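Computed from heavy atoms alone, side chains included, the values below leave out hydrogens, waters and symmetry copies. Just so it is clear: chains get the letters A, B, ... in the order the sequence lines come, proteins before strands, and each one is counted from 1. Everything numeric in this text was worked out from a predicted model, so none of it was measured.
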Amino acid sequence: MSSSVISVISRFLEEYRSSTSTRLKVVDAYLLYILLTGALQFLYCLLVGTFPFNSFLSGFISCVGSFILAVCLRIQINPQNKGEFLSISPERAFADFLFAHTVLHLVVINFVG
Amino acid sequence: MALLRLVSLLVFMLALGAQALTPSHHLSPSDVDRLQAILSQPFTDLKSAYFSIVGLSKLGLSVADANGACSFIKANVDSSSVESLFYAAEASQALASCEIHVSNETRDLLHAAVSEDSTVSQIHQAVSALSSFGLPLASQEVVSALKARISKEDNVLAITLALQTASRLSQQAELGEILEEIEDLAARLDDLGGVYLQFEEGLEATALFVSAAYALSDHVDVEPPLKEDQVIQLVNSIFSKKSWDSLSEIFSVASAAAAFSNNRFHKPVIVSALGPATVSHSQPLLQLQVTDVLCQPLSSADVVVESASSVASKAAILSKTPFTLRDGIFELNFMASKPASGYYQFSVAVKGDSRLVANHVELKVKVSTKVAINNMDLSVVDKDQSIGTKTTRVEYPSKSKASFVADSHQNFAMTFQLVDETTGVELTPHQTFVRLHNQKTGQEVVFVAEPDSKNLYKFELDTAERKTEFDSMSGTYALYLMVGDATLENPVLWNVADLVLKFLEEEAPSTIQSKNLYVPKPEIQHLFREPEKRPPTVLSNTFTALILSPLLLLLILWFKLGANISNFSLSPSSLLFHIGHAAMLGLMYVYWTHLDMFQTLKYLAIIGSLTFLAGNRMLAQKAVKRIAAEQSSRLAKYRSLR
């Protein structure tokens, strides 16, 4: 059982390394970074309690929001999905990404206190 | 059937009589004196002379210096003004012997004023002046002029002046229509709470209306259409104000008072007790003042007690007993009927004149008496036996020589009787208290003594049961008896005896906390809100470093993936875009530290629009490059396939 899981994972990683374009890998690295940051924030909150609850919330939601926006960007610039996003060029996707991030950062900074 | 009708009529009349109003506001003798004093002040001009002289004459008084007043009038009259002639005429008429010479021009002026083109006020002044000067006037002309003017000037004051004018005309003139105006005006009066009846124009208008209405009614000998309750309400309104604003107001009040005192139809009666309505053996006479509105006693009236009954027992004491008149006061010796002490409801009727209004009055009379304490017996009773060991009798007001000792096995008992001093009837006053006062500690305990069915008062002190009230403090207590009631003339505070109480020692508190409510209380320290517990700084710093570590990981990964900025085109739009974007991130930091939302939005709008324009340009260029690259690669593939 465990061996099949390991083999699936290693197969997946191999496929990933070979068939994903560099551009997407850059975005994936960014996603990993965001994930780790969010997880560490959550761990800290579990350890010391939620005293400045607004600060914790704003930091955590910033991570979550950034992750979601980056996922959207990745989906939209993936050439394999071109059929579903005919009207949205990669440049347009990036511009949307930047605009949404501006709004997110505005809200987060407002809330962090 | 006839009997039933009679009974119902009787009940109806009784009910009506029971609800009849009596004046709640009236002039007192000092008010009348004040009226007179103000009216006697020296005159400043002809108008004030008119008010003073005519006002005083209405009150039945005369001016101090009649000759001086007459010369004043003659000196100040202005023969070319109708108003001035009116004041002069009326004032000189009120003085005993003051003749003003009237020239033909003056007479013609006054006659000319009586027409449909003058105001009601001018017609009133002209007619009054002509009448007071003794000059002839054409009454029918006046009537038609007044009727024409009333339909044009429909206000209260104008119609009142019209009524006043009509009362100076000949009785043969057709005054019927003007007489009807009284009823119309009366309908315009405002009923305030069933107590007052007045015009919204105020006191002066109401008072002038009253004097004009009665003047006209007396002149034509027709009763004015005012009901008894309305008359009393008018009395309340006019005489409720005891300090007046102006001489004209005082004049109107004096006129109204004179009208109420002697007109042919309605005479309001004011019945009040002289001093408090209390009788006792030392003061057995119930004295009533029965006056008209000007505080003149009605000497010709018969004042009769219709019924007097006790409030408590509803037993009738008197019926149809007359008062006797002495020096203007009506008196009745109520104590002669030997009433028991308490309150009595008197129903008094004033008869003798068919004009009297509000002549049924209800009075509450108090009969007070002196109390005597009989058979005061004190004893100390053992709890095991019910027979007292020793009974001591104490006579009021002396104090018992021996003091009484009671400990927790004994009860202290006290019995006494309260009787009326003169009649010997037993009394049950409202307050019968037994007070025990410890002189050393200042403690005071008060108990109530209750009467039994035979009106014998008993007080028992169970020492063991009541120890909490005494805080178990043994010692000598002075025993007082307190008797009081509204109908007692001699309330009693009697130190009867000294009582030594012995409580069990172990229950006594060491010190007596005086039940003092008014000492400063302990100060309350304000507790400020404690700041929340923060985690130790080491932990926070560790985690800050930890959070930044994924960033390091990201840079390493990007480097490994080969991300680079080699494709960076140094076009102005891309430079501007990157600078603008960096500025936006910097603005976020500044927002966190210094700014508020509105300022941030302002700066963001500026920087954001610049960045947007630059970015749009840059991305468009990139898109063009990408499409060109794609096309060239497709072309190359196409060529290679061929």
query: Does atom OH of A:Tyr16 have more than 12 heavy-atom neighbours from other groups under 6.0 Å away?
result: yes
statement: What one should report as the nearest heavy-atom pair of B:Met588 and A:Thr102 is CE-O, 4.4 Å
field: Ring geometry between B:Trp558 and A:Tyr30 (parallel below 30°, tilted from 30 to 60°, perpendicular above 60°)
entry: parallel
- prompt: Relative to chain B, which segment of A:Phe94 carries a heavy atom at a distance below 4.5 Å: side chain, backbone, both, or neither?
  reply: side chain
- request: Carefully, step by step, assess B:Phe543 and A:Leu43 under the rule side chain to side chain contact (heavy atoms under 4.5 Å, CB included).
  value: CA-CA 9 Å; B:Phe543 262 88; A:Leu43 181 69; 4.2 Å; yes
- prompt: Does CZ belonging to B:Phe612 count more than 12 external heavy atoms closer than 6.0 Å?
  reply: no
- prompt: Between B:Leu561 and A:Ala29, what is the shortest heavy-atom contact and its length?
  reply: CD1-CB, 4.3 Å
statement: Separation between CG (B:Leu619) and CG (A:Leu98), nearest 0.5 Å, reads 7.5 Å
Proximity of residues 63-73 of chain A to chain B, residues having a non-hydrogen atom under 4.5 angstrom: none
message: Taking CZ in B:Arg617 as the centre, count heavy atoms belonging to other residues, nucleotides or ligands within less than 6.0 Å. Is the count above 12?
response: no
- prompt: What are the two closest non-hydrogen atoms of A:Leu106 and B:Tyr591, and how far apart are they?
  reply: O-CE2, 3.8 Å
task: Going by the side chain to side chain contact (heavy atoms under 4.5 Å, CB included) test, name the single residue among B:Ile547, B:Leu548, B:Leu553 that passes it with A:Thr37.
output: B:Ile547
task: Using heavy atoms and a sub-4.5 Å threshold, report which of residues 86-93 of chain A line up against chain B, by residue number.
output: A:Ser89, A:Pro90, A:Glu91
Atom CZ of B:Phe433 with >12 non-hydrogen neighbours under 6.0 angstrom: yes
- request: Under 4.5 Å heavy-atom distance to chain A, tell me which part of B:Phe577 shows up: side chain, backbone, both or neither.
  value: side chain
From CA spacing to verdict: side chain to side chain contact (heavy atoms under 4.5 Å, CB included), B:Leu555, A:Tyr33: CA-CA 9 Å; B:Leu555 290 170; A:Tyr33 154 65; over 6 Å; no
- request: Please report the shortest heavy-atom distance between B:Ser540 and A:Tyr44, naming the atom on each side.
  value: OG-OH, 3.3 Å
query: Above 12 or not: heavy atoms from other molecules or residues under 6.0 Å from CD of B:Glu630?
result: yes
- prompt: Roughly how far, to the nearest 0.5 Å, is NE2 of A:His101 from CG of B:Leu585?
  reply: 10.0 Å
message: I'd like to verify something: which residue of B:Thr600, B:Leu551, B:Leu557 has the highest number of heavy-atom pairs under 4.5 Å with chain A?
response: B:Leu551
Part of A:Leu32 within contact of chain B (heavy atom distance under 4.5 Å): side chain
field: B:Leu641 atom CG, over 12 foreign heavy atoms within 6.0 Å
entry: yes
- request: Heavy atoms only, distances under 4.5 angstrom: which of A:Asp28, A:Val48, A:Leu36, A:Val26 has the most pairs with chain B? Name it, please.
  value: A:Val26
